[in-house]
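To start, the structure under review is shown below, and the notes come after it.
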Amino acid sequence: MVAPKGLEGLIVADTEISDVRGREGFYHYRQYSAVELAKKRSLEDVWYLVYNGELPSRAEREEFVAEVKRYTAVPDPVRELLPKIAAVGDPFDLMKALRSAYSLTASHYGFKATYDVDAETLRRYAMQTAAVVPTLLTSLYRLHHGKEPIEPKPELSHAANYLYTALGEVPSDEHVRAVEQYMILTLDHGFNASTFTARVITSTGADLGSAVLGAMGSLSGPLHGGAPTRALAMLDAIGSPENTERWLREQIQGGGRLMGFGHRVYKTEDPRSAMLKELATQLRAPQVDFAKHVESRALTLLEEMKPGHELHTNVEFYAGVVMDAAGVPREMFTPTFLTSRVMGWTAHIMEQAASNRIMRPLSRYVGPPPPQPVPDPE
Ligand code: ACO
């Protein structure tokens with residue numbers, strides 16, 4: 001049985017957490033449409049849903065939010081090391097700095113192998129991880145820019161604290177809601193590469209910290225979570241409506257990828273992109289009109305130059321436009337994606353650990369035929 005390259009179309013596990021219906025342009029978390037959840041519910045509610053399978057009652061919400069707030073502060077021994085981590089890297093890369101800081105946090109908390117812990121302990125590790133990641137990120141961001149880290153305010157929501165601890169000012173409701181909706185939309189998405197990575201690592205019985213670290217590395221790639229900064233950079237590089245057609249044509253002709261277009265599963269418009277476009281319009285984002293112009297030209301050219309591939313706009317094209325309008329600095333685009341996707345990863349880690357078998361596929365050897373005699377050293 002030979003799997004197709006990139007494992008396209010292959011089902012590798014059962015999950016109750018989320019799914020993507022690529023032909024319909026629909027995806028869901030548990031039993032609810034993710035887009036409807038983003039329109040109607042808070043990030044904390046959706047986080048609770050992916051962990052527990054049901055939306056919370058009022059009392060459950062209060063308890064959950066209180067639990068999140070217990071874990072948002074960076075533990076002292078790690079906090080002391082953050083200035084050193086924020087000074088490393090040429091150029092500095094927030095995703096890499098987060099990796100180092102989170103690795104220390106997981107060690108500090110003493111996360112044990114998933115093989116050795118019960119479901120309740122693993123759930124606590126998941127909460128500790130998803131709650132502290134935004135504070136680690138915003139602290140590192142501020143330190144790198146010569147500013148002191150800011151403690152989250154207990155009265156603010158998770159998304160509001162993210163903006164507040166990054167920017168140092170209590171953000172407007174409009175900006176908070178935009179970032180919160182973006183986070184809900186990107187919280188989970190079936191067996192994307194980083195979630196799959198987390199589940200492969202979990203399948204060995206390794207600790208949750210190791211699985212999250214692997215997923216972070218996977219997300220950072222430009223073909224996955226690294227695309228929103230590049231999508232906005234593409235708009236900058238195009239520069240003007242007059243330049244659009246020529247720039248895009250040259251890029252595609254040269255074998256380059258248009259960032260924010262194409263998707264392995266969606267063969268129609270990505271519903272996340274549709275909602276983010278709406279959000280960007282509501283926010284009167286500075287780049288939105290130009291982005292719409294580039295999108296429409298890009299879709300026409302992709303159809304003409306890559307016929308039969310059904311390439312559409314994906315989540316990343318308008319993600320940067322929305323985050324930019326909500327005041328999120330560019331270097332925090334992929335990290336912002338991570339602050340929500342870590343909720344999805346940790347839900348998947350718990351699901352994998354609860355019904356595990358080590359993932360150990362085969363490869364087809366295509367090198368020189370063995371065994372050749374091993375030559376004696378010269
Ligand atoms: N721009 C130009 N051509 C493209 C693009 C694109 N964005 N995406 C796919 N194609 C072309 C490929 O060149 C290929 O054409 P060819 O057969 O003539 O060489 C054809 O469409 C099929 O592409 P694949 O690479 O087989 O598609 P795959 O499913 O493997 O890749 C991916 C999906 C990685 C998202 C791809 O579309 C891409 O590179 N997009 C740009 C990066 C991006 O936006 N990433 C974010 C994805 S969303 C997320 O992870 C949250």
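These numbers come from a predicted model, not from an experiment.
With values rounded to the nearest 0.5 angstrom, Glu16 atom CD is found 6.0 Å from Arg30 atom CZ. Note that the CG atom of Leu311 and the CE atom of Met305 stand 12.0 Å from one another [nearest 0.5 Å]. With rounding to the nearest 0.5 Å, the separation of CD1 in Ile238 from CG in Leu258 is 8.0 Å. Distance OG1/Thr72 to CG/Leu136: 10.5 Å, rounded to 0.5 Å. Here the straight-line distance linking atom OH of Tyr318 with atom CG of Asp324 works out to 14.0 Å at 0.5 Å rounding. With values rounded to the nearest 0.5 angstrom, Arg341 atom CZ is found 12.5 Å from Met183 atom CE.
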Donor-acceptor contacts, no H, no angles, side chain residues 152-166, under 3.5 Å, sequence neighbours left out:
residue	atom	partner	partner atom	Å
Ser157	OG	Ala160	N	3.1
Asn161	OD1	Lys153	N	2.8
Asn161	ND2	Lys153	O	2.9
Asn161	ND2	Leu156	O	3.4
Tyr162	OH	Thr336	OG1	2.7
Thr165	OG1	Thr138	OG1	2.9
Thr165	OG1	Asn161	O	2.7
Thr165	OG1	Tyr162	O	3.4

Contacts table for residues 370-378: side-chain donor-acceptor under 3.5 angstrom, sequence neighbours left out:
residue	atom	partner	partner atom	Å
Gln372	NE2	Pro369	O	3.0

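Legend: residues meeting side-chain hydrogen bond (donor to acceptor under 3.5 Å, both in side chains) with Ser296, ordered by chain and number and at least two apart, are absent. Legend: residues meeting ring pair (Phe, Tyr, Trp, His ring centres under 6.0 Å) with Tyr102, ordered by chain and number and at least two apart, are absent.
Other residues, nucleotides and ligands contribute over 12 non-hydrogen atoms within 6.0 Å of the CG atom of Asp236. Within a 6.0 Å radius of CD in Glu60, more than 12 heavy atoms belonging to other residues, nucleotides or ligands are found. Within a 6.0 Å sphere centred on CD of Glu63, heavy atoms belonging to other residues, nucleotides or ligands number 12 at most. In the displayed structure, Ile358 atom CD1 is contacted under 6.0 Å by more than 12 heavy atoms of other residues, nucleotides or ligands.
The salt bridge (Lys or Arg N to Asp or Glu O under 4.0 Å) pairs that include a residue from residues 269-280 are Asp270-Arg272, Lys277-Glu295, where partners are two or more places apart or lie in different chains. Applying the ring-ring contact (aromatic ring centres under 6.0 Å, His included) test to pairs two or more places apart or on separate chains, those with a residue in residues 207-263 are His189-His263, Phe261-Phe317, His263-Tyr266. Screening residues 38-52 for salt bridge (Lys or Arg N to Asp or Glu O under 4.0 Å) gives Glu36-Lys40, Arg41-Asp45, Asp45-Arg61 as the qualifying pairs, with residues at least two apart or on separate chains. Every pair passing side chain to side chain donor-acceptor pair (under 3.5 Å) that includes a residue from residues 77-94 is listed here, sequence neighbours excluded: Asp76-Arg79, Arg79-Glu151. The list of salt bridge (Lys or Arg N to Asp or Glu O under 4.0 Å) pairs with a residue in residues 100-122, not counting sequence neighbours, is empty. The stretch residues 121-149 participates, sequence neighbours left out, in these ring-ring contact (aromatic ring centres under 6.0 Å, His included) pairs: Phe92-His144, Phe111-Tyr125, Tyr141-His145. Listed by first then second residue, pairs satisfying ring-ring contact (aromatic ring centres under 6.0 Å, His included) with a partner in residues 339-378 read Phe191-His348, not counting sequence neighbours. Listed by first then second residue, pairs satisfying salt bridge (Lys or Arg N to Asp or Glu O under 4.0 Å) with a partner in residues 179-193 read Arg177-Glu180, not counting sequence neighbours.
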Apply side-chain contact (heavy atoms from CB on, under 4.5 Å) to Leu37 and Leu55, showing your working.
CA-CA 10 Å; Leu37 285 166; Leu55 283 162; 4.2 Å; yes

Carefully, step by step, assess Arg246 and Glu250 under the rule salt bridge (charged side-chain N to carboxylate O under 4.0 Å, His left out).
CA-CA 6 Å; Arg246 188 184 57 78; Glu250 278 175 14; 3.2 Å; yes

Go through it in stages, so that I can follow the logic: the residues are Ser210 and Asp207, the test is side-chain hydrogen bond (donor to acceptor under 3.5 Å, both in side chains), and I'd like the CA-CA distance, side-chain angles, deciding distance and then a yes or no.
CA-CA 6 Å; Ser210 298; Asp207 70 290; 2.5 Å; yes

Working note: Leu185 + Val315, criterion side-chain contact (heavy atoms from CB on, under 4.5 Å); need CA distance, chi angles, decisive distance, verdict.
CA-CA 9 Å; Leu185 288 173; Val315 62; 5.8 Å; no

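Between Ala73 and Val132, the shortest heavy-atom contact is O-CG2, 3.6 Å. Nearest heavy-atom pair, Asn243 versus Ala237, reported as atom, atom and distance to 0.1 Å: ND2-O, 4.1 Å. Nearest heavy-atom pair across Pro222 and Met259 is O-SD, 3.9 Å. In terms of heavy atoms, Ala101 sits closest to Leu82 at CB-CD2, 3.7 Å. The minimum heavy-atom distance linking Gly22 with Thr268 is given by the pair O-CG2, 3.4 Å. Across all non-hydrogen atoms, the minimal contact from Pro271 to Val35 is CB-CG2, 4.0 Å.
Using modelled atom types, one finds a donor on one side chain and an acceptor on the other under 3.5 Å when comparing Ser340 with Thr186. Counted by atom type alone, Lys292 and Thr281 present one or more donor-acceptor pairs between their side chains at under 3.5 Å. Of the N and O atoms on the side chains of Asn192 and Thr195, at least one donor lies less than 3.5 Å from an acceptor on the other residue.
The hydrophobic cluster containing Val342 also contains Phe64, counting ILVMFWY residues as joined when their side-chain heavy atoms lie under 4.5 angstrom apart, directly or transitively. Taken together through direct or relayed side-chain contacts under 4.5 Å among Ile, Leu, Val, Met, Phe, Trp and Tyr, Leu49 and Val65 form parts of separate hydrophobic clusters.
One finds a salt bridge joining Glu351 and Arg199 here, because a Lys/Arg side-chain nitrogen approaches an Asp/Glu carboxylate oxygen to under 4.0 Å.
Proximity of a side-chain donor or acceptor of Tyr29 to a complementary backbone N or O of Ile184 within less than 3.5 Å is detected. The closest donor-acceptor contact from the side chain of Ser18 to the backbone of Gly190 lies under 3.5 Å. Without hydrogens or angle criteria, Asn52 side chain to Tyr48 main chain gives a donor-acceptor distance under 3.5 Å. Looking at Thr197, its side chain does come within 3.5 Å of a backbone N or O of Ala193 through a donor-acceptor pair. In this structure, the side chain of Ser33 does not engage the main chain of His28 through any donor-acceptor pair within 3.5 Å. Looking only at distances, no side-chain donor or acceptor of Thr204 sits under 3.5 Å from a matching main-chain atom of Val200. At distances below 3.5 Å, not a single donor-acceptor pair connects side-chain atoms of Gln128 with backbone N or O atoms of Tyr71.
Two residues are said to be in side-chain contact when any heavy atoms from C-beta on lie closer than 4.5 Å; Leu235 and Val294 meet this criterion. Under the 4.5 Å side-chain criterion, counting only non-hydrogen atoms from C-beta, Leu279 is in contact with Leu276. Proximity of Val328 to Tyr182: side-chain heavy atoms (C-beta onward) are nowhere separated by under 4.5 Å. You'll find the side chain of Asp19 stays beyond 4.5 Å of the side chain of Thr15, heavy atoms only.
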